[in-house]
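Below is one structure; the comments refer to it alone.
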Amino acid sequence: MDLPGIVITGASGRMGQMLVKGVMAHDRARLVACVERAGHAWVGRDVGECMGGAALGVTVTDDPLEAFAKAQAVIDFTAPAATVEFAALAAQARAVHVIGTTGLEASHLARIDAASRHAVIVRAGNMSLGVNLLVKLTQKVAAALDADWDIEVIEAHHRMKVDAPSGTALMLGQAAAEGRGVSLDDARVSGRDGITGTRERGTIGFSAIRGGDIVGEHDVLFAADGERIVLRHVATDRTIFARGAIRAALWGQGQKPGQYDMMDVLGL
Ligand SMILES: NC(=O)C1=CN([C@@H]2O[C@H](COP(=O)(O)OP(=O)(O)OC[C@H]3O[C@@H](n4cnc5c(N)ncnc54)[C@H](O)[C@@H]3O)[C@@H](O)[C@H]2O)C=CC1
Ligand SMILES: O=C(O)C1=N[C@H](C(=O)O)C[C@H](O)C1
C-alpha cells in the first residue's frame, strides 16, 4: 500500500522547511505537495532547490485545492487567515488537517470547528512531547495548590513571532485554570505596565519576551510566601514540533471526523 501523502503549507517558513525535511526523511510518509502564498518567490520552483539543496521533485504551488486533492494529510504552520481557508479545503478533500498555527481567535476557531464535522483535525499550540507533558504536570500542580500560590506563565520567543501570549503559554494557562477549577477568561491578566496595583489573588498572569532567535521557552511559576515552584520547558530545535506534527498526520489516518489534540495523539 502507498504511504500516506503529505502536503506542507507555508513551505518556505521556519516550520515549513523543518516539515519538508522531516517528511522527506520519514519512512512512513511521502511528500506530495508544498503550498506557498500567491506571489511568493518559491511558487513554481522545486522545493528542494529553494531550500538550497538537491531537487526533490515537488514543485511549490499556490493552489491549495489541487495540492490537497493528492494528499491524505495537510500539515499547516502558517497564519490564522490561511489556516481557516485550509481547514475548509482539507475537509473537502477528506484529508487530515494538522494545525500548528497559533494566534487563532474565536472567529477562526468557529470555522475550524465547522470543518471538523467533515474531517479529522488535530490542533495544538505546541506539538512537542515535552510541552504536552508539562501541560499535564501544570494541571496536576495547580490542582494540588490553593490560591495562596500565585500562578504566572512566562514565555520567550524569537523576534519574528507575531502573536502573544504564545499558543503554548495559553495551553499552560488553560491547564493551570482547569487544575484550579476556574475559568481562564476570568482569571487571565496579560501585559502589566504602569501603576497596576497589587496582584489580585487567584489571577493567572502572562508575560511575553521577544528577542533574537529563541526557539521557545516556557516557565510556569507557582509563587507563595517563602517558596516557589518553577516548571520549565526549553525548546532548542524546531524538529521537536515537526516530529510531533508528522506523528499527528499519521495518527489521524482512519480516525473519525472531529477535533483532536496532541494529548490524543500521544495518549497522555
Ligand atoms: N504548534 C506548534 O508546535 C508550533 C506552532 N508554531 C506556529 O506556526 C506558525 C508559523 O510559524 P513559523 O514557521 O515560525 O512562521 P513563518 O512566518 O516562518 O512561516 C509561515 C509561512 O506561512 C506562509 N503563508 C502565510 N499565508 C499563507 C497562505 N495563504 N498560503 C500559503 N502559505 C502561507 C508564509 O509565506 C510563511 O512561509 C505560527 O503561528 C507559530 O506560532 C510554530 C512552531 C511550533
Ligand atoms: O512561533 C513559534 O516559534 C512557536 N510557536 C508556538 C507557540 O506559539 O507556542 C510553539 C513554539 O513555542 C514555537
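Just so you know, ligand 1 is whichever comes first in the structure, and atom 1 is the first atom listed for that ligand.
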Protein heavy-atom partner closest to [atom] - residue, atom, separation in Å:
atom: atom 1 (O) of ligand 2; value: K161 NZ, 2.9 Å
atom: atom 4 (C) of ligand 1; value: F77 CE2, 3.3 Å
atom: atom 26 (N) of ligand 1; value: A82 CB, 3.8 Å
atom: atom 30 (N) of ligand 1; value: F86 CZ, 3.4 Å
atom: atom 19 (O) of ligand 1; value: G13 CA, 3.3 Å
atom: atom 12 (O) of ligand 2; value: H157 NE2, 2.6 Å
atom: atom 3 (O) of ligand 1; value: M127 N, 2.8 Å

Measuring from [X]:[atom1] to [Y]:[atom2], what's the distance to the nearest 0.5 Å?
X: I151; Y: L231; atom1: CD1; atom2: CG; value: 10.0 Å
X: Q92; Y: H118; atom1: CD; atom2: NE2; value: 10.5 Å
X: M262; Y: W251; atom1: CE; atom2: CH2; value: 9.5 Å
X: L250; Y: I6; atom1: CG; atom2: CD1; value: 5.5 Å
X: W149; Y: D225; atom1: CH2; atom2: CG; value: 9.5 Å

Which ligand 1 atoms does [X] reach within 4.0 Å, using its non-hydrogen atoms?
X: G10; answer: 21 (C), 22 (O), 23 (C), 32 (N), 37 (O)
X: M15; answer: 13 (O), 42 (C), 43 (C)
X: G100; answer: 1 (N), 2 (C), 4 (C), 5 (C), 6 (N), 7 (C), 8 (O)

Geometry only, no angles: is [X] polar-contacting ligand 1 at N/O separations under 3.5 Å?
X: A79; answer: no
X: A11; answer: no
X: T101; answer: no
X: E36; answer: yes
X: S12; answer: yes
X: H40; answer: no

*Which one of T102, T9, I8, T78 has a non-hydrogen atom at the shortest distance from atom 9 (C) of ligand 1?*
T78
*Given M262, R14, H158, which has its nearest heavy atom closest to atom 16 (P) of ligand 1?*
R14
Per-atom contacts, ligand 2 versus [X] - under 4.0 Å to a heavy atom:
X: T102; value: 7 (C), 8 (O)
X: G125; value: 6 (C), 7 (C), 9 (O), 10 (C)
X: G167; value: 7 (C), 8 (O), 9 (O)
X: V215; value: 3 (O), 13 (C)
X: H158; value: 1 (O), 2 (C), 3 (O)
X: S166; value: 7 (C), 8 (O), 9 (O)

Check contact between [X] and ligand 2, using heavy atoms of the residue and a distance below 4.0 angstrom.
X: R14; value: no
X: H218; value: yes
X: V131; value: no

_If you define the side chain from C-beta out and look only at heavy atoms, does anything of V98 sit under 4.5 Å from V74?_
no
*With clusters built from Ile, Leu, Val, Met, Phe, Trp and Tyr whose side-chain heavy atoms come within less than 4.5 Å, directly or transitively, what are the remaining members of the cluster of V84, listed by chain and number?*
I99, L104, L109, I112, I121
_With sequence neighbours excluded, residues passing side chain to side chain contact (heavy atoms under 4.5 Å, CB included) with R192_ = E152, V189, T196, R199
_One residue to check: A124. Relative to ligand 1, which of side chain, backbone, both or neither has a non-hydrogen atom less than 4.0 Å away?_
backbone
*Using heavy atoms and a threshold below 4.0 Å, how should the contact between K161 and ligand 1 be classified: side chain, backbone, both, or neither?*
side chain
_ligand 2 contact on T168 by region, counting heavy-atom pairs under 4.0 Å_ = both
*Side chain, backbone, both or neither: the part of M15 lying under 4.0 Å from ligand 2 by heavy atom*: neither
Do [X] and [Y] meet the criterion of a side-chain donor-acceptor pair at a distance under 3.5 Å?
X: N126; Y: S128; result: yes
X: H97; Y: D76; result: yes
X: H108; Y: T83; result: no

_My understanding is that only one of V220, L221, L145 makes a side-chain contact (heavy atoms from CB on, under 4.5 Å) with I229; could you say which?_
L145
*Stepwise side-chain hydrogen bond (donor to acceptor under 3.5 Å, both in side chains) test for H218 and S166*: CA-CA 9 Å; H218 293 87; S166 68; 2.8 Å; yes
*Got more than 12 heavy atoms from elsewhere within 6.0 Å of NZ, K140?*
no
